[in-house]
There are 2 protein chains.
Amino acid sequence: MTNSSKIKVYQEVLEQIRFYIEKHQLSEGDKLPSERELSEQLNAARSSVREALRAIELLGLIETKHGEGTFLKTYRPYQTVELLATFVLRESTTKNELLEVMEMLEHQCLIKVQEVITDNEIDILEQEILMHEEEHLHTYVFNYFFEKVKNQLLLKVWHLINNFVQASHELTPDQNYYLHLLKLIKDKNSVEISGLLKDFYQQNYVNAR
Amino acid sequence: MTNSSKIKVYQEVLEQIRFYIEKHQLSEGDKLPSERELSEQLNAARSSVREALRAIELLGLIETKHGEGTFLKTYRPYQTVELLATFVLRESTTKNELLEVMEMLEHQCLIKVQEVITDNEIDILEQEILMHEEEHLHTYVFNYFFEKVKNQLLLKVWHLINNFVQASHELTPDQNYYLHLLKLIKDKNSVEISGLLKDFYQQNYVNAR
DNA sequence: TATTTCGGAGTGGTCAGACCACTCTTATGT
DNA sequence: ACATAAGAGTGGTCTGACCACTCCGAAATA
């Protein structure tokens, strides 16, 4: 009855493409069927297939090569980010939700990373931080941490959220923050790590009402 | 010269739509020009305009009402997250990673929920659990918790992971586990909550190596 | 006069088919 | 053996058609 009950063809196509990828265990660089082939197999007009493909192309999930075909791509959100940034309005609740989840992910990451990271690695990272420009420092440091934790899924979820956060409102990075964090990790001081993180995020939450 | 130098029509349309929104200071709920109108004004085929619109619709930036028009929408990243996640998860899906992230999400959820849930609500939920069949109990209970926390994004992420977990290897539900959990929440005993959760997941992790 | 009904105008949803531009393979000719 | 040209396959774009839905106002009705 309601509008939500009707699924558009291009959405169905999207679903089927996902199915196809799953079924054939495709991964980065693999080729998808041609637009005409998909059109025929899914019993949809080519224009509908294209609507679906263009949509996930914009998301950065596939790559299209004129005269060759459509290929799966490693997810790189950069193209989306700029677009989103223009549209993303200062919705305080959304921002806070993003930050809240982000804080949570990073908190867990820090707790886990302190158990596996070596003093030597911390020293090296410290040097990197001092050399690095402030730009993208947050992404750089936590990317390192998340990789150390060796949970790809966790890393990817964080990447996803982080990109949205960076797009909507830059976290203010500060070398000292990360250096302080490193020291606490070295001391395996979980309690203060939690405190420091909490303080940092407290500054960034948007005060609603 | 390279492939990147060529901008597709639908991308140009996208740019122009952004322009239009900026120029006319549109915000949530405002109406965009019709597809035919855009097509004419931008000198592009309607199908190209549609490719652009479908793409940003998938991103969740606009909403389309059959017979009425296309409207700007408050941006909520959730729909994208779901789609992206399917593609992202394609690569890393070991059970333990899933469970680890799941445990983490639920842990944070429980910590937060104990601060906002009332004794009365706990009692009601307890009744529900006793009546409920064991099937889907896990999903039911935590869905309730996550909604109480009032973070839609968190809920969505958990839903996603949960679906994968349920699909790949059923968590063994046990009424007593949830009743125990409820008691600890009522007592606001964070430490034991963490312990209980940890024990529960410990049983489910697959022993590697 | 007040109310209901109906149909047209505008809009999104979908399709079919055409043609162009590009890439790669292969057959052809030197 | 090599260079070249032709063809097949693919994405990029356009045109035009028809359907389904929403809305609103004019006409028919009470």
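All chains are named by letter (A, B, ...) in the order of the sequence lines, taking the proteins before the strands, and each is independently numbered beginning at 1. Computed from a predicted structure; not experimentally measured.
What separates CG of B/Leu32 from P of C/dG10 is a distance of 19 Å, to the nearest Å. Here the P atom of nucleotide D/dG11 and the CD1 atom of B/Ile7 are 21 Å apart, to the nearest Å. As a whole-Å value, the separation of B/Glu51 CD from C/dT14 C1' is 14 Å. Between the CD atom of B/Gln11 and the C1' atom of D/dG11 there is a distance of 13 Å, given to the nearest Å. Atom pair A/Leu42:CG and C/dA16:P shows a separation of 13 Å (rounding to whole Å applied). Between the CG atom of B/Leu14 and the P atom of D/dT13 there is a distance of 13 Å, given to the nearest Å. Across the protein-nucleic acid pair, A/Leu38 atom CG and D/dG9 atom P stand 16 Å apart, rounded to whole Å. Across the protein-nucleic acid pair, A/Glu35 atom CD and C/dG17 atom C1' stand 15 Å apart, rounded to whole Å.
Comparing B/Ala45 and A/Glu68, the nucleotide of DNA chain D nearest to each residue sits closer to the 5' end for A/Glu68. Heavy-atom nearest nucleotides on DNA chain C were determined for B/Ser34 and for A/Ala44, and the one closer to the 5' end corresponds to B/Ser34.
The A/Thr64 side chain lies nearest to D/dG12 when the options are D/dT10, C/dG13, D/dG12.
Evaluation of A/His66 against the base of C/dA21 yields a stacking contact (centre distance < 5.5 Å, interplanar angle < 30°).
A salt bridge links A/Arg54 to A/Glu35: at least one charged side-chain nitrogen sits closer than 4.0 Å to a carboxylate oxygen. Note on A/Glu57 versus B/Lys8: salt bridge recorded, some NZ/NE/NH1/NH2 to OD/OE distance being below 4.0 Å.
At a threshold of 4.0 angstrom between heavy atoms, the contacts of A/Ser47 include nucleobase atoms, whether or not backbone atoms are also involved.
Taking 4.0 angstrom as the limit, A/Ser48 places none of its side-chain polar atoms (N or O) nearer than this to OP1 or OP2 of C/dG13. In this structure, A/Lys8 does not reach the C/dG12 phosphate: none of its side-chain N or O atoms is under 4.0 Å from OP1 or OP2. Checking the phosphate oxygens (OP1, OP2) of C/dG12, no side-chain nitrogen or oxygen of A/Lys6 falls inside 4.0 Å.
A donor and an acceptor atom never sit less than 3.5 Å apart when one is taken from the side chain of A/Arg36 and the other from the base of D/dG9. Between the side chain of A/Arg46 and the base of D/dG12, a donor-acceptor pair under 3.5 Å is found. Not a single donor-acceptor contact under 3.5 angstrom links the side-chain atoms of A/Arg50 to the base of D/dG11.
In this structure, A/Ile56 CD1 and A/Leu72 CG are separated by 8.0 Å, a value rounded to the nearest 0.5 Å.
At distances below 3.5 Å, not a single donor-acceptor pair connects side-chain atoms of B/Lys186 with backbone N or O atoms of B/Asp119.
Using a 3.5 Å distance cut-off with no hydrogens or angles, the side chains of B/Tyr144 and B/Glu128 do not pair a donor with an acceptor.
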